[in-house]
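Here is the structure we will look at.
From a predicted model like this one, the values you see are computed outputs, not experimental measurements. Atoms within a ligand are numbered from 1 in the order they appear, just like the ligands themselves.
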Amino acid sequence: MIARQSSDIAKFKEALKASKQVVILSGAGISAESGIPTFRGAGGYWRKYQASSLATPEAFRNNPSLVWEFYHYRREVAAKAQPNLGHKAIADYESKHGTEKIITVITQNVDGLHERAGTKNLIELHGNLYKTRCTKCKEVLVNKDSPICEALADRGAPDVNIVGSDIPVKSLPHCKKPNCSGLLRPHIVWFGESLEHAVLERAEAAMATCDVCLVVGTSSVVYPAAMFAPQAASRGAIVAEFNIEPTPATPDFHFYFEGPCGTTLPEALSD
Ligand code: BJW
Ligand code: ZN
């Protein structure tokens, strides 16, 4: 717990100016102003399902058709969305200061909006909606097809009255490698799955050496990401949180800036 927390933007900007290594750790809240629902709270449902009950290996094993419909819907929504002022403020900050400081964006989001805003040094902790992984040969490929396969065209509507999902497995996306033809899955880290080792290592290395960290639009409840910023704060890094409401981690941080990050970030990251 921090003895005295501040919301003094000028003080934060002084610390940011003096910093050498900056990490920006983002979550679903940064994409909320682009129209992409967050996970926790009212928007976190698709049909009658909580997103967290579909984002599991068990759900995919039991009903790959249903899980693919869910991800097809999310791919289409994110493809139509545009990066907002928060994503752009981060990308602009990197392009302005990326030669004099090491700036790393670690995102829990899978929507690709940081990259589309122009962020270069990006770590996608939980994967990406536009990557697939073969369940048989494990090949990971970028796939931006819309729809990802014929059978998913016009599927995925979020209407709560739609029950079940019955696309035959053979009609779902499959690996095109000769002698494989395995079922593809979204290249996303589901609950109970481990994060990719190399990705986690890169993120931990950036967290271990940053002197300033911005925690943006995350509820800080999903591990391991939830412990990154509190750990950085406890070893002396200056951590600032940007959220519309306090989170369980808020008391650990030096600065707390309440409000939509499409408004707070452009101010915090401007010269
Ligand atoms: C705004 C805003 C605006 C809105 N401006 N702000 C230790 C203790 C207990 C449990 C565990 C543990 N270690 C691991 C676990 C298990 C589990 C876990 O953490 N469970 C917790 C829920 C308790 N973790 C895992 O399973 C991870 N694997 C792992 O650690 O493997 C090893 C292991 C396994 C089991 C036990 C021990 C070790 C993998 C986690 C993968 C998470 N995957 C998901 C789904 C991706 C699929 C998909 O997208 O379809 O990733 S879960 C979901 O939550 C998604 C998100 O990336 C993630 C984080 O959510 P986020 O981004 O914080 O969003 P919200 O909605 O929660 O919050 C939005 C915030 O924005 C809110 O605060 C708003 O106020 C704010 N906001 N508008 C600013 N305009
Ligand atoms: Zn394959």
Open item on the list: Below 3.5 Å, N or O to N or O, backbone or side chain included: is there any such pair between F70 and ligand 1?
Closed with: no
TODO: Using a 4.0 Å heavy-atom threshold (strictly under), name the region of H126 that reaches ligand 1: side chain, backbone, both or neither.
DONE: side chain
Task: Ionic contact status for D166 with R155, cut-off 4.0 Å - done: yes
- [ ] Pick, from T264, T247, V221, the option with the minimum heavy-atom distance to atom 22 (C) of ligand 1.
- [x] V221
Open item on the list: Out of A28, G259, S194, S34, who is nearest to atom 32 (C) of ligand 1 when you count heavy atoms only?
Closed with: S194
TODO: List for me each residue that meets side chain to side chain contact (heavy atoms under 4.5 Å, CB included) alongside K20, sequence neighbours excluded, and say none if there are none.
DONE: D211
Task: Among T263, N243, L129, closest by any non-hydrogen atom to atom 73 (O) of ligand 1 - done: N243
TODO: Would you mind listing which atoms of ligand 1 come within a distance below 4.0 Å of any non-hydrogen atom of P224?
DONE: 30 (O)
Open item on the list: Under 4.0 Å from a heavy atom of E245: which atoms of ligand 1 are those, numbered in the order shown and with their elements?
Closed with: 75 (O)
Task: Presence of salt bridge, E14 and K11, under 4.0 angstrom - done: no
Task: side-chain hydrogen bond (donor to acceptor under 3.5 Å, both in side chains) involving S270 - partner list, sequence neighbours excluded - done: K13
Task: E124 and T107 side chains, donor-acceptor separation under 3.5 Å - done: no
Open item on the list: Heavy-atom pairs closer than 4.0 Å: do any link ligand 1 to the side chain of S219, the backbone, both, or neither?
Closed with: both
- [ ] Using the six-membered ring wherever Trp is involved, compare the ring planes of Y71 and W190 and label them parallel, tilted or perpendicular (cut-offs 30° and 60°).
- [x] tilted
Open item on the list: Could you tell me, atom by atom, which parts of ligand 1 come under 4.0 Å of a heavy atom of A32?
Closed with: 78 (N)
- [ ] Between G217, G127, G27, flag the one that comes closest to atom 69 (C) of ligand 1 by a heavy atom.
- [x] G217
- [ ] With 2.8 Å as the limit, jot down which protein N, O or S atoms are around the Zn ion (ligand 2).
- [x] C134 SG, C137 SG, C175 SG, C180 SG
Task: Residue part near ligand 1, for V110, under 4.0 Å between non-hydrogen atoms - done: side chain
Open item on the list: Applying a heavy-atom cut-off of 4.0 Å, say which part of V216 lies close to ligand 1: side chain, backbone, both or neither.
Closed with: neither
Open item on the list: I need the atoms of ligand 1 closer than 4.0 Å to a non-hydrogen atom of G192, numbered in the order shown.
Closed with: 25 (C), 26 (O)
- [ ] List the steps and the verdict of side chain to side chain contact (heavy atoms under 4.5 Å, CB included) for T132 and V140.
- [x] CA-CA 6 Å; T132 58; V140 174; over 6 Å; no
Open item on the list: Could you work out, for atom 28 (N) of ligand 1, the closest of E193, E258, E33, E241 by heavy-atom distance?
Closed with: E193
TODO: Keeping the roles fixed (side chain from K101, backbone from L16), state whether a donor-acceptor pair exists under 3.5 Å.
DONE: yes
Task: Heavy-atom proximity to atom 8 (C) of ligand 1, best of Y223, Y71, W190 - done: Y223
Task: Any N/O pair R74/ligand 1 closer than 3.5 Å - done: yes
Open item on the list: Holding to side chain to side chain contact (heavy atoms under 4.5 Å, CB included), I want the full list of residues that pass it with V142, two or more places apart in sequence or in another chain.
Closed with: K131, K144
- [ ] Check whether any N or O atom of A55, backbone or side chain, sits under 3.5 Å from an N or O atom of ligand 1, and answer yes or no.
- [x] no
Task: Any donor-acceptor N/O pair, W68 side chain to P186 backbone, under 3.5 Å - done: no
Open item on the list: For I188, which part has a heavy atom under 4.0 Å from ligand 1: side chain, backbone, both, or neither?
Closed with: side chain
Open item on the list: For F242, run the ring pair (Phe, Tyr, Trp, His ring centres under 6.0 Å) check against F253, F257, F255, Y256 and tell me which one passes.
Closed with: F257
Task: Aromatic ring pairing Y49/W46, orientation class (parallel under 30°, perpendicular over 60°, tilted between) - done: parallel
Task: From F242, F39, F191, W46 - option closest to atom 17 (C) of ligand 1 by heavy atom - done: F191
Open item on the list: So for ligand 1, is Q108 a polar contact partner (N or O within less than 3.5 Å, distance only)?
Closed with: yes
